Amino acid sequence: MSDYRASSISVLKGLEGVRRRPAMYIGSTDVRGLHHLVWEVVDNAVDEHLAGIATEIRVRVLDDGGVEVADDGRGIPVELHPDEQRPAVEVALTTLHAGGKFDQQAYAVSGGLHGVGVSVVNALSTRTAVEVTRDGARHVITFSRGDLDQALERVGKAPKRAHGTTVTFWPDDEIFDTVEIDYDRIAQRLRETALLNAGLTCVLVDDRTGRSETLHFADGLKDFVTELLHGREPMVDVLTIHDQREVDGVPMALDLALTWTDGFHDERLRSYVNVVRTADGGTHEEGFRRAVTEVFKDASKTSRALTKKDPALVGDDLREGMVAVVSLKMADPQFEGQTKGRLGSSSARSYVQQVVGDHLRAWVRSNKSQVNKVVARAVLAARSRQAAKAARALTRRKGLLDSQSAGLPGKLADCTSRNPSETELYIVEGDSAGGSSKMARDRHTQAILPLRGKVLNVEKAQLRRVLKNTEIQALIKAIGCGVDPEFDYDKLRYDKIILMADADIDGGHITTLLLTFFFRLMRPLVDGGHLYLAQPPLYQLRHRGKVVYAMSEAEREVARRQEFRANANVDVQRFKGLGEMDAEQLWATTMDPNRRTLLQVGVPDAEIADELFDLLMGSSTAPRRDWIVDKAAFATNLDV
Ligand code: 0RA
């Protein structure tokens, strides 16, 4: 009796610790942490799939804010735990780190990859209900804030061979900043889960909205690579690798899919360890990259795609346009970095390098024409790398990248302040708008750089041509920091770089071109939050000396109703462009720091931005036009 008490007290202590310092167990108590609860249960269900049992995971968001996760795995054991003399499921839900996965080694590859604890979910939920189907019966047990509520009970019969677990929990609003479950977050994660686990079906249902989806990918990683291509044609058939072996007595497994496309200029590599994304890469990625470089460098020597005149290929050339997913499973992985997003285990490097090297060498031997395509693409990359290097050397000689020696561009109307923390550069489309903005500005802090006509499309043109373009040169000189990869943040001459273009299609286009320029060649400016979009109004409403501006048709109608008498004869002027506004109007609406609205340009996710610019600047025009016309998209996609 006293033993029982003693152990239950220590258990209680464990879960109290979770409630006292939840971030220790789930990272944070914001939306991310909240959804961690869902991942915790889903990952346990995925383990049942990896163990070869579960085929389906169903997540349901309930009307009352609860989340139900059901799987057809083995079912959490219900028999009495030999030491604790309580049902194993009760022990699993109330004991920290007791997933009940007793043998680490055996589970290392086939399952047991997660299982840190449904008990953490239990501790951080006002209520948790677990239903287990196994041994021919359905069993239910419930908890409240981690404490046992209703002891395990047999609630009905079940077919003899039926098995599975349903965990339903209601996140605790005493713990979390918000308990609002985000459908899209779960959908995205389940999609990833389904892509990484070929054959597993993931279902998501939202009772609050009626939304639902089913995710199932028969070809797993091959489908994943196809998704990452976003409609681009692969240059070679998607190549897949599956390997499973013991390395120094430790089981390892590698799944991989790989191809190349000429639709991207970067490398798109996604990696996972034990079905968890490694956003910062690590040793498995290193091993993979080394193998690709080694094998294809070798292959290029005997490929007719590489001629004597060509520069020697480097790894970056070979991996340009490469799209790949690497999924490694291993026991006891070591993670590094601030967010633990990088794999540090060195055994993974040599294992992946060896397996990928062996597979690729065999593939290269029997796919000569496909190899030629990959090498030809790398040769193009090597040539443009050389050209860009030559162009940079040239511009450096001319002093273009150094504003001090080159002097400022003639068209720049600079501000008088030399304190970069208070200065702003308005980049203005067209000379007439340039004129009125020069009159309107606060000349102490605001500088104006008018650009003529269309800026060169950085995405299509080669770097060499881009840097020769006079508009681009003026821009680089005025800003003062040079361009990637020699960008020098300390030389930034303005705190805010503000793009001010007409609120029409052409203005949208020019803004897009400039954004592309900044994103590709002055990325640190974007990341540092220095880039802004001005928001000139579309309409002016005036009646008896009262003037109101509106950004859109909808705003105009609201203003007409709310700002003026019902049947007032309001004079409405539509601005076709910035040039139609006089200095006073421009100042009042778009440039006065106290009255204007600026959109700060940000890049929420490098890959999303990359996609966006590919879409906008790539070859297909229809989607691009739609996007440009719908200028609101700038705000939603780029404004953070
Ligand atoms: C402990 C041991 C076993 C399975 C599980 C826990 C388990 C946990 C969860 C959480 C959600 N779904 C789950 N399914 C299973 C192994 C049981 C056995 O060997 O029979």
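Values in this document were obtained by computation on a predicted structure and should not be read as measured data. Each ligand, and each atom within it, is numbered from 1 in the order the structure gives.
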Below 4.0 Å, non-hydrogen atoms only: which portion of Asp71 touches ligand 1? Side chain, backbone, both or neither. side chain
For Phe296, which residues count as a ring-ring contact (aromatic ring centres under 6.0 Å, His included) partner, sequence neighbours excluded? Trp260
Glu153 meets the salt bridge (Lys or Arg N to Asp or Glu O under 4.0 Å) criterion, sequence neighbours left out, with none
Ligand 1 atoms in contact with Asn44 (distance to a heavy atom under 4.0 Å): 9 (C), 10 (C), 11 (C)
Give the atoms of ligand 1, by number and element, whose distance to some non-hydrogen atom of Arg134 is under 4.0 Å. 17 (C), 18 (C), 20 (O)
Is there a side-chain contact between Leu258 and Val236 in this structure, where contact means two heavy atoms from C-beta onward sitting under 4.5 Å apart? no
Sub-4.5 Å side-chain heavy-atom contact between Val120 and Leu96: yes
Short version for Pro77: what comes under 4.0 Å of ligand 1, heavy atoms counted, is side chain
